[in-house]
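Report on the following structure.
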Amino acid sequence: MPDTVTLLIDPLPADADAADLASTFREVDATAPALRVGELSTQRGDGIFETIGVVDGHAQEVRPHLERLRNSAAICELPEPNLRQWEAAIAHAVERIPGVGEFALKLVLSRGVEHGPAPTAWLHVSAARDQSAARERGIRVVTLDRGYDRTAAERAPWLLLGAKTLSYAVNMAALREAARRGADDAIFLSSDGYVMEGPTSSVILRFGDEYATPAASGAILHGTTQVSLFDHLAAQGARVVERDVAVDELERADAAWLVSSVRLAAGITELDGRAIPFDADATRAFNAYLLGPRD
Ligand code: PLP
């Protein structure tokens with residue numbers, strides 16, 4: 001069984017009802033060239049993506065990821081994706097990989113080739129890196145200025161904030177800056193003093209028996225992992241809130257995490273060089289839940 005699978009997809013219109021969805025994608029060799037040089041995803045980062053965790057043969061939270069893909073497409077004025085087609089492609093890829101272990105499944109929808117007739121779409125699934133150190137021992141995090149305020153998304157919609165675009169050069173630069181400062185990850189702060197998100201994750205803080213996350217105001221992504229974990233915590237009787245989180249609350253939190261689809265929950269042990277409380281038991285329980293099959 002291969003441990004990577006790549007599918008090139010002919011994107012169908014959102015309302016198309018193809019009887020044979022499997023004939024709209026084909027498997028290609030990921031080590032061979034597959035994209036054209038005029039491709040706007042590679043030239044300009046003009047496209048959107050999703051990364052879905054696959055655990056023991058189960059793709060996690062497929063619908064929430066596809067809904068977010070649809071929302072990103074709307075923000076970027078890309079054709080609305082056909083979610084049934086993406087579901088079929090995901091199911092096909094997951095059947096082709098080993099049924100045990102953790103994988104990362106990436107979906108990409110780009111504006112296509114310059115002057116070309118249609119968007120380009122593909123899916124690639126490969127084995128996930130071992131995340132046990134971050135999950136079990138936690139991560140050191142630095143805060144970084146994101147350079148705009150909380151209301152930037154409404155004021156300047158062309159910034160495409162809130163869409164998961166392929167333009168992740170800034171997010172990757174933030175991770176390099178974190179590494180330069182001796183940390184593992186970063187939390188972006190708005191210029192008006194609020195906590196936003198990590199470059200590839202959502203922020204969760206605990207105060208007493210309340211869990212808080214920055215409200216997805218349009219300037220940050222709605223994290224599928226955060227939403228899933230909050231639903232689970234609420235079902236267990238915890239109080240969960242999405243609200244503005246001021247910067248100074250980071251220091252007052254009883255515990256803090258970065259959560260995302262593949263690494264799952266990583267407890268924060270150090271913030272800007274200072275130790276903060278790390279709850280190993282809660283983190284273990286979060287990851288036990290997040291590793292179970294979730295739809
Ligand atoms: N925020 C940003 C900027 C991200 O890139 C990601 C995921 O990559 C997240 C939040 C977390 O989203 P999810 O939990 O759906 O992986």
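Both counts, for ligands and for their atoms, begin at 1 and track the order of listing.
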Mark up the atoms of ligand 1 that fall under 4.0 Å of a heavy atom belonging to [X], in ascending order.
{"X": "R68", "result": "12 (O), 13 (P), 15 (O)"}
{"X": "G223", "result": "12 (O), 14 (O), 15 (O)"}
{"X": "S260", "result": "14 (O), 16 (O)"}
{"X": "L221", "result": "1 (N), 2 (C), 3 (C), 4 (C)"}
{"X": "Y168", "result": "2 (C), 3 (C), 4 (C), 5 (O)"}

Query - Identity and separation of the nearest protein heavy atom to atom 1 (N) of ligand 1 - result: E197 OE1, 2.8 Å
**Report entry** Distance from atom 14 (O) of ligand 1 to nearest protein heavy atom, with residue and atom
**Finding:** T225 OG1, 2.6 Å
[X] and [Y]: side chain donor to acceptor below 3.5 Å:
{"X": "T213", "Y": "E242", "result": "no"}
{"X": "S191", "Y": "D149", "result": "no"}
{"X": "Q85", "Y": "T24", "result": "yes"}
{"X": "W257", "Y": "T283", "result": "yes"}
{"X": "Y168", "Y": "T200", "result": "no"}

Is there a path from [X] to [Y] through hydrophobic residues (I, L, V, M, F, W, Y) whose side chains come within less than 4.5 Å of each other?
{"X": "I75", "Y": "L166", "value": "no"}
{"X": "L109", "Y": "L35", "value": "no"}
{"X": "I187", "Y": "L144", "value": "no"}

Quick check on [X] - does any of its heavy atoms sit under 4.0 Å from an atom of ligand 1?
{"X": "K164", "answer": "yes"}
{"X": "S228", "answer": "no"}
{"X": "H65", "answer": "yes"}
{"X": "T51", "answer": "no"}
{"X": "E50", "answer": "no"}

Requested in this report: Could you see which bit of P64 sits under 4.0 Å from ligand 1, with heavy atoms only: side chain, backbone, both or neither?
Outcome: neither
Report summary line: With heavy atoms and a 4.0 Å threshold, my read on which part of T224 contacts ligand 1 is both
Requested in this report: Would you confirm whether Q236, through its side chain, and A238, through its main-chain N or O, come within 3.5 Å as a donor-acceptor pair?
Outcome: no
Query raised in the report: Any N or O of S261 that comes nearer than 3.5 Å to an N or O of ligand 1?
Result: yes
Query raised in the report: Is the closest N or O pair between S202 and ligand 1 shorter than 3.5 Å?
Result: no
Report task. Would you sort out whether R206 and D254 count as a salt bridge (charged side-chain N to carboxylate O under 4.0 Å, His left out), showing the intermediate values? Result -> CA-CA 5 Å; R206 194 180 68 215; D254 296 322; 5.2 Å; no
